[in-house]
Amino acid sequence: MVVLAGVEANLFYAQEGKRCSGPKIWQEQDAEFGANRSLISMDGDDHTRFRKVQRPDTPVRCCLITYPRPNCHYHAGDEYLTQNQPMPALYSLQRIVTEQLSVIAANYSAKDDLDEIITAVRTILATRVTKQRPAILRRTPAFRKGQVSVHANRA
């Protein structure tokens with residue numbers, strides 16, 4: 001994994017950012033999820049306006065009233081998390097974040113479908129956004145099962 005951070009990363013992005021990122025990179029991912037656009041695929045005035053809405057001074061309680069609060073503690077009982085044992089950090093965090101987002105976005109816990117959803121999102125990122133993997137991966141049974149889970153949990 002490569003992480004770009006620090007002053008040099010900011011300078012690189014200031015000089016090469018337009019070439020390395022932008023709305024076009026994310027459009028295929030948006031389409032895969034049935035969206036016309038998303039925050040990461042917006043640019044210009046639309047992006048700026050949307051970011052202003054998400055500023056820290058935007059009343060948080062509005063979101064907490066409108067959306068259900070995810071339960072952050074239920075994972076302690078999951079079979080893959082046991083006390084005083086090492087845990088797979090990336091996998092655990094993917095499951096926690098995916099489950100919480102399903103509650104916030106769809107008012108439904110996707111706890112039973114987390115692995116399939118994670119597989120679908122990972123495949124979409126690797127084949128559509130970064131293009132590190134061949135598109136044929138979107139034809140595998142694991143991806144199709146995850147894609148069904150993603151769309152079922154959106155409804």
Short side-chain to backbone donor-acceptor contact, S92 and A89, under 3.5 Å: no

In terms of heavy-atom contacts, S102 and A110 come closest through OG-N, 3.0 Å

One thing to verify: whether R37 and D46 come together as a salt bridge, which I'm taking to mean a side-chain N less than 4.0 angstrom from a carboxylate O. yes

Y108 vs D113 side-chain heavy atoms within contact, under 4.5 Å: yes

Output yes when E28 and K131 qualify as a salt bridge under the 4.0 Å nitrogen-oxygen rule, no when they do not. yes

Residues in side-chain hydrogen bond (donor to acceptor under 3.5 Å, both in side chains) with Q29, at least two apart? none

Salt-bridge test for K145 and E116: reply yes if a basic N is under 4.0 Å from a carboxylate O, no otherwise. yes

Between CD of E32 and CZ of R128, what distance do you get to the nearest 0.5 Å? 4.5 Å

Check step by step if side chain to side chain contact (heavy atoms under 4.5 Å, CB included) holds for V7 and F12. CA-CA 9 Å; V7 176; F12 170 78; over 6 Å; no

Pairs of donor and acceptor atoms involving the side chains of residues 118-127, under 3.5 Å and at least two apart or interchain, shall be tabulated with distances.
{"unit_1": "T119", "atom_1": "OG1", "unit_2": "D115", "atom_2": "O", "d": "2.9"}
{"unit_1": "R122", "atom_1": "NH2", "unit_2": "Q94", "atom_2": "OE1", "d": "3.2"}
{"unit_1": "T123", "atom_1": "OG1", "unit_2": "T119", "atom_2": "O", "d": "2.8"}
{"unit_1": "T127", "atom_1": "OG1", "unit_2": "T123", "atom_2": "O", "d": "2.7"}
{"unit_1": "T127", "atom_1": "OG1", "unit_2": "R138", "atom_2": "NH1", "d": "2.9"}

Check for me, please, whether V129 and I117 land in the same ILVMFWY cluster - side-chain distances under 4.5 Å, paths through other members count. yes

With rounding to the nearest 0.5 angstrom, report the CD1 to OG1 distance, I96 to T98. 10.0 Å

Sub-3.5 Å donor-acceptor pair from the side chain of D30 to the main-chain atoms of S38, do we have one? yes

Is it the case that atom CG in L11 sees more than 12 heavy atoms from other parts of the structure closer than 6.0 Å? yes

